[in-house]
Structures are given as structure tokens and as C-alpha cells.
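These figures come from a predicted structure and were not determined experimentally. Ligands are counted one by one from 1 in listed order, and the atoms in each one are counted from 1 as well.
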Amino acid sequence: MRIARVVEAIPPSGIRRFFDIVSQMDDVISLGVGEPDFVTPWRIREAAIYSIERGYTQYTSNWGLLELRREIAHLLDRRYGLEYRAEGEVLVTVGVSEGLDLALRALLNPGDEVLIPEPCYVSYRPTTLLAGGVPVPIRTDASHGFRVRPADLEAAVTPRTRAILLNFPCNPTGATLRRSELEAISRLAERHDLVVVSDEIYAELTYEGRHCSFAALPGMQNRTILLNGFSKAFAMTGWRMAYAAGPADLIAAMTKIHQYTMLSAPIASQYAALEACRSGEQEMELMVADYARRRRLFVDGLNALGLECRLPEGAFYAFPCIRATGLSSEEFAERLLREERVAVVPGTAFGEGGEGHVRCSYAAGMETLREALRRMERFIQGCGSRGAGRRGAVEAPVAVVSAGR
Ligand code: PLP
């Protein structure tokens, strides 16, 4: 066998298959991708253009430009009250994706376990496996707002547990953790000597209250690898810019891997990120205010259709329950796409606990969201949902169209 067993065993992303179908169809409203619909603010783009004009086309320090790390340290202080040293405690990474990979590879010995609340971002399991670890899913559910219960984490700890991988606000559920819950998790991390890898990429997209970083809790900075970046808050997905902040020994270990695999993050992107730190907050806040309006419109619309949906506290995803339609989440997503040309992602793409839900990104214009809701209404009426829809009709679900599967 030419392919390594660990790679062979990893299934392809459940999202990919839907994108492949979408790419062959016209007039599709895609609520499938986790990506801002905004273009990166002009000043940020301009900063990258100027850097190229000036001939800044070289590698940078492995850690990233020192000025950028300083600005990131200021940003973390300004927005979350965190104090990191730019030299030694901050590493510029190629997306949070790279930061996550580095963190897990730096932490895990073969067979070490990582507690991962699910449903979760699609790459957590594969990245853990590729780092030689064992993902231990901790189910979260709608009845508790998809917030992980600290007691469930505690019950899953074994002598092999090495880390907890948190993501709040959460992709795909939009749930975020309360301070009291974070504190309970911090106590158990302390008790069992665990490292917390905290993916806070949606921190700025928090609509209820203020985001509390895990590293800001008493005693936690020394056992937290904080991952954050520019993709979502500054509409910069294509620039691949992010950072890891943490205790010097862990960041040095991550930098060791980064220097051999990545060398450094792209320099033009680093200049763009520098500008984002310096002047991007105002535009970021405008974008967040826009997401907040879309969230209301879309979530109210889903509930009016009979697709029960909590108001997500953060990120830009709605995670409605589709059980009233009598369809599984895969069937719902596939039929909605084929019959009404609206792309959403089945909840099962994010773990088994996602069954009965679909993820819809509301990072789309208001009119697009209204049209998506109209199409979804037609779809629900068409499939004669049990108890769903304004009509409250009780009809048998239609047989599943399972083309291509
Ligand atoms: N973490 C979460 C929770 C995400 O939702 C995403 C992207 O959707 C990422 C990480 C990857 O982010 P980046 O673009 O910084 O690699």
C-alpha cells in the first residue's frame, strides 16, 4: 500500500462532497461555506500591494515579522486583556489551520487522547489523528445549547488525556461558553494537568456579551495555546494569516515544526495582517454589526418555517433542527440542494451528534438570505414535513432521493 495507514483511514471531508455537487449546478444559493461574503477592507489590501511595490518579497523570520507580532500582542491586550511577549510567545501561522496542526503535533505522543466537544469543526478529528493522537468526542446537544458540560469532559479524562480542544464561538453550532463554564473547565485542566488548545477564531463575532478568552482565566495562560487569526473577523480567508499565542516552551516547540515545514508565512499577507491590526477594527465592527442583523433575519425566518433554531451567540452559522421534516440531515441537505438549489451542510459532517441538524452560514447578503428562506419554505412544503412549516401540515415524508450515493 502506497498511502500511509493513518491517511488512508481518514474519510474525505463531508463538506467537500456538497461543494462538488454545487460546482456542477447553476443558480445555487450557497449557505455552505464558512467564509465572509465581504471583500477584505481596502486599506488592508493596499498595505499588501505597497509591500510588494517596495520589493518586500523575501522570507521573514520563522516566527513572523516582529512588528506584526508586536501588533498582535497589542491587539490581544486591547481586546481580551491578555499579555503576551511578542518575542517567544507569539507565532505567526498560515491560518488557524496550521496553528492547530502545530499545536497538536507539538503536544501529542502516539496514543495521547484529546477531548473534543462535538459537533465540531471538520478538521479537528483528522488533525488529531495525523498528529498521532486519539480524538475523544464529547457529545454536546441542543437541550444544553450545544455547550459542552464540564462534567462530561471530566468523565472522559483518562491517564492518556493530554489536551482539550475548545472552539468558542463554535463552528458549526454558533454556541459560546459562559465564563462559569470556562472556569469549571479551567479547574479540571488544572486538576488533570491538561493543555487547552483554544480555537477562538470567531471571538470577534460574538453577539451576546463579550468574548472571554480561555487564556484570560486565572492561571490558564500557562496551559493554553490560543489560536486566532484574521480569516473571519477581517474577511481575510484567502490571505492565510493567523497566530498562536502561548507559553514560551509550547510556542518554541510549535515554531520548530513550523520552521521545517512552512519556513515562514507569506510576507505580503503579513503586511496585510499588520494593517488589519493597526487600522482594521472599525471596519471589522461594521461587518460584525451586519452579521448580527443577518443572524436575526435568518434565524427568525428558520423558526417561522418550523425549523427550530436557537439564536447563535457567535460565529456566522445557524444550526437548525430539521427533524420535523422526517429527513436525516444528509437527505435534507442533498434534497434541498437538488430540488431548490440551496446549499447547506449536513450536521453529521461535524460529528455524529450533528444528526438532525444542518449548518447554514448567514455570511450572505440580506436579499440572498430572504431568497434562501423562500426556497426552503417551498422545499419544506414540498416534502410534506411532519409538523414543520407554517401550515402545520401532518403529512408523510417523501421517499429520499439519494442520487450519487
Ligand atoms: N477553526 C475553525 C473553528 C474554523 O471554522 C475555521 C475555518 O472555517 C478554521 C479554524 C480555519 O481557519 P483559517 O482560515 O485561519 O485556517
Before signing off on this row, confirm whether S97 and ligand 1 have an N or O atom pair separated by under 3.5 Å.
yes

In this structure, is the centre-to-centre distance between the rings of F146 and H357 below 6.0 Å?
yes

Let me see the working for L311 and E208 under side chain to side chain contact (heavy atoms under 4.5 Å, CB included), right down to the final yes or no.
CA-CA 10 Å; L311 192 62; E208 314 284 327; 3.9 Å; yes

Nearest-contact summary for atom 6 (C) of ligand 1 - protein heavy atom, Å
Y121 CZ, 3.4 Å

Has ligand 1 got any nitrogen or oxygen that is less than 3.5 angstrom from a nitrogen or oxygen of N171?
yes

Residue-ligand contact D199/ligand 1, heavy atom below 4.0 Å
yes

Honestly, for E35 the part within reach of ligand 1 (heavy atoms, under 4.0 Å) is neither

Please write down residue, atom name and distance for the protein heavy atom closest to atom 12 (O) of ligand 1.
I201 CD1, 3.3 Å

Is it the case that the ring center of Y291 lies less than 6.0 angstrom away from the ring center of Y317?
no

Under 3.5 Å, is there a donor on one side chain and an acceptor on the other for E352 and T348?
no

With heavy atoms and a 4.0 Å threshold, my read on which part of V96 contacts ligand 1 is both

Give me the atom names and distance for the closest heavy-atom approach of D141 to R149.
OD2-NH1, 3.4 Å

Are F332 and F379 near enough that their ring centres are under 6.0 Å apart?
yes

Are the aromatic ring centres of Y121 and F350 under 6.0 angstrom apart?
no

For ligand 1, note which part of M241 has a heavy atom under 4.0 Å away: side chain, backbone, both or neither.
neither

Would you say the ring centroid of F316 lies under 6.0 angstrom from that of Y362?
no

So how far is it from M376 CE to L31 CG, rounded to the nearest 0.5 Å?
7.0 Å

Taking non-hydrogen atoms only, is Y202 closer than 4.0 angstrom to ligand 1 via side chain, backbone, both or neither?
side chain

Going by the atom numbers of ligand 1, which of them fall below 4.0 Å from some non-hydrogen atom of N167?
3 (C)

Per-residue contact class, S231 against ligand 1 - non-hydrogen pairs under 4.0 Å
side chain

Which ligand 1 atoms are under 4.0 Å away from a heavy-atom of K232?
6 (C), 7 (C), 8 (O)

Ligand 1 to R240, heavy atom cutoff 4.0 Å, flagged ligand atoms 13 (P), 14 (O), 16 (O)

